Q: 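Before we start, here is the structure in question, set down as structure tokens.
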Amino acid sequence: MLYWLSNGCIALGLFFWFWGTFPLLGRRSVLFKLHSLSIADTLGSLAIMVGLLIKIPREWPLLVLALFSLLVWNTVLGYVLAYCSSVEMDHD
Amino acid sequence: MTEVMTDWDVGVIVLLLPLAAAMVVFQDNPYHALVVRGILGAIAALVYALLGAADVALTEALMGTMLGTALSVVAMRSSLVLRLGVLATEVAAPTPEFTALCEDLRRGIAPHHLRLEVVPYDDCAALHRALVERDIHGVCTRSRAAALHGPVCQYATVLRVSRLYEILRAAIASPTMHLIYGADPEKVVLVDPVADPFNSTADQADQSEGLVPQEPH
Amino acid sequence: MNWILGAMVLATLIPMYAACQNQDIWQKMLAFASIATKTSVAIIVISVLQDDWFIGMVGSIILSVGNASLMLLAQVLKRLNQTNPGY
């Protein structure tokens, strides 16, 4: 039961990764790509972490630390990248 | 490691490293190369961790990627630049010719990934001192023709770096621009053309020793 | 468990290809951000697979500190673009 739950979480995370990364190859604007990428990376990585946490609960401090830093940093980084790239667009 | 991963799996992941390195090598813009270098650092950290060298992975991520990238971008930002000294009055109220000239200069040095930085100075003495002290790479002032012949402003640009002079001479064909190579900045004479219209940069520079005048194209 | 790592490598290849193709520096930065996250998660997965606390710690540190370089780079590039548009 737990085995399938953890594998399902990891598979879901990997699906999110692929789903959010494929727009990078298209010809859309930076902000569109950033949106899909931040959603995919954050949610996908969270799902993978939760899957690992279910699989091996012994290493929970590491995984929880990684989970929180991922959550905070990816949000801040998305904001900073959006701010920096949109300033250039205003300028042009 | 061996019970969960076969050699084949490790080999596939390790192959990412030469791939990323080749990507760095084939970038021609230095800033793009720096970003791709960050990618290489991330991949390298993954490979080192995979092979069991966690300390090397940490060093690569912190020193190689973070510190290296930060220092390189700061160094590139301050070195890949053409600093052009001008009088503050030009910057305060730029003529159309001055704007076009800056645009020409930008376009001329863009293939070499240089930026143009216009540095304003209060008067000609400060401008000349900056040129002598190698604070700027060149100065750009109005030449005498501006004051004499009506609306079209002509500018004379004196560069003290011969390579920059070669690049710009090959790239720029502007009738309002007079490009001069000043090998010895001490001998360049700068006079404010507004205050003294009959005695200005270009003509003085042509006559003084050590300067190689270049006809406007 | 190897299928996880295989899929992660495949997912890392996509932004690498994107960084290769795209000439806009912000698209390259996006690819860099994506790769940085993906590789550090892969490091944590490896640490769990191998049951190695040290590697897991390194993965967490890389995940939390590695992004700082990206932000620094983004700030400097923004300043660069303001003074000289077109880069």
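As the structure is a prediction and not an experimental result, all values here were calculated from the model.
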Q: Rounded to the nearest 0.5 Å, what's the gap from NZ on A:K33 to CG on C:D24? Could you check?
A: 8.5 Å

Q: Quick one: what part of A:V72 sits under 4.5 Å from any heavy atom of chain C, side chain, backbone, both or neither?
A: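 Neither part, no heavy atoms under 4.5 Å.
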
Q: Please classify the contact of C:A68 with chain A as side chain, backbone, both or neither, using a heavy-atom distance under 4.5 Å.
A: both

Q: If you count heavy-atom pairs under 4.5 Å with chain C, which of A:T42, A:N74, A:L63, A:L67 comes out on top?
A: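 Max contact count across the listed options: A:N74.
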
Q: Using a cut-off of under 4.5 Å for heavy-atom pairs, which of C:D51, C:V65, C:I61, C:L77 has the most such pairs with chain A?
A: C:D51

Q: Search all heavy atoms of A:V30 against all heavy atoms of C:L30 and return the closest pair with its distance.
A: O-CD1, 3.7 Å

Q: With a 4.5 angstrom heavy-atom cut-off, could you sort out which part of C:S47 is near chain A: side chain, backbone, both or neither?
A: both

Q: Counting only non-hydrogen atoms closer than 4.5 Å, does A:L62 touch chain C with its backbone (N, CA, C, O), its side chain (CB onward), both, or neither?
A: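 Both the backbone and the side chain of A:L62 come within 4.5 Å of chain C.
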
Q: State the CG-OG distance between C:N67 and A:S69, to the nearest 0.5 angstrom.
A: 8.5 Å

Q: Show your reasoning for whether side-chain contact (heavy atoms from CB on, under 4.5 Å) applies to A:L65 and C:M57.
A: CA-CA 9 Å; A:L65 178 68; C:M57 207 174 66; over 6 Å; no

Q: Indicate yes or no for a side-chain donor-acceptor contact from A:W73 to the backbone of C:S64 under 3.5 Å, with no hydrogens or angles considered.
A: yes

Q: Could you tell me the separation between the CD1 atom of C:I25 and the OG atom of A:S85, rounded to the nearest 0.5 Å?
A: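 One gets 12.0 Å once the value is rounded to the nearest 0.5 Å.
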
Q: Taking all non-hydrogen atoms of both residues into account, name the closest pair between C:S34 and A:D41 and its distance.
A: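 Closest pair (atom of C:S34, atom of A:D41, distance): CA-OD2, 3.5 Å.
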
Q: Which atoms of A:L24 are under 4.5 Å from chain C, going by heavy atoms: the side chain, the backbone, both sets, or neither?
A: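 Both backbone and side chain.
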
Q: Between A:I10 and C:W3, is a side-chain contact (heavy atoms from CB on, under 4.5 Å) present by the stated rule, with each step listed?
A: CA-CA 10 Å; A:I10 293 175; C:W3 59 274; 4.2 Å; yes

Q: Yes or no on side-chain contact (heavy atoms from CB on, under 4.5 Å) for A:F18 and C:I14, after CA distance, side-chain angles and deciding distance?
A: CA-CA 9 Å; A:F18 278 105; C:I14 301 171; 3.7 Å; yes

Q: Roughly how far apart are C:M71 CE and A:C84 SG, rounded to 0.5 Å?
A: 9.5 Å

Q: So for A:L34, is it side chain, backbone, both, or neither that comes closer than 4.5 Å to the heavy atoms of chain C?
A: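 Backbone plus side chain of A:L34, per the 4.5 Å heavy-atom cut-off to chain C.
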
Q: Mark yes when over 12 heavy atoms from residues, nucleotides or ligands other than C:W53 sit less than 6.0 Å from its CH2; otherwise mark no.
A: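 Yes, because the 6.0 Å sphere around CH2 of C:W53 holds more than 12 heavy atoms from other groups.
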
Q: About how many Å separate CG of C:L13 and OG1 of A:T21, when rounded to the nearest 0.5 Å?
A: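 Nearest 0.5 Å value for the OG1-CG distance: 11.0 Å.
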
Q: For A:F68, give me all partners under side chain to side chain contact (heavy atoms under 4.5 Å, CB included), at least two apart in sequence or on another chain.
A: A:V64

Q: Can you say whether A:L77 sits under 4.5 Å from chain C via the side chain, the backbone, both, or neither, judging by heavy atoms?
A: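 Answer is both: backbone and side chain atoms of A:L77 are under 4.5 Å from chain C.
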
Q: Are side-chain heavy atoms of C:I44 and A:M49 found at a separation under 4.5 Å?
A: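 They are in side-chain contact.
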
Q: Output the distance between atom CG (A:L14) and atom CG (C:L10), rounded to the nearest 0.5 Å.
A: 10.0 Å

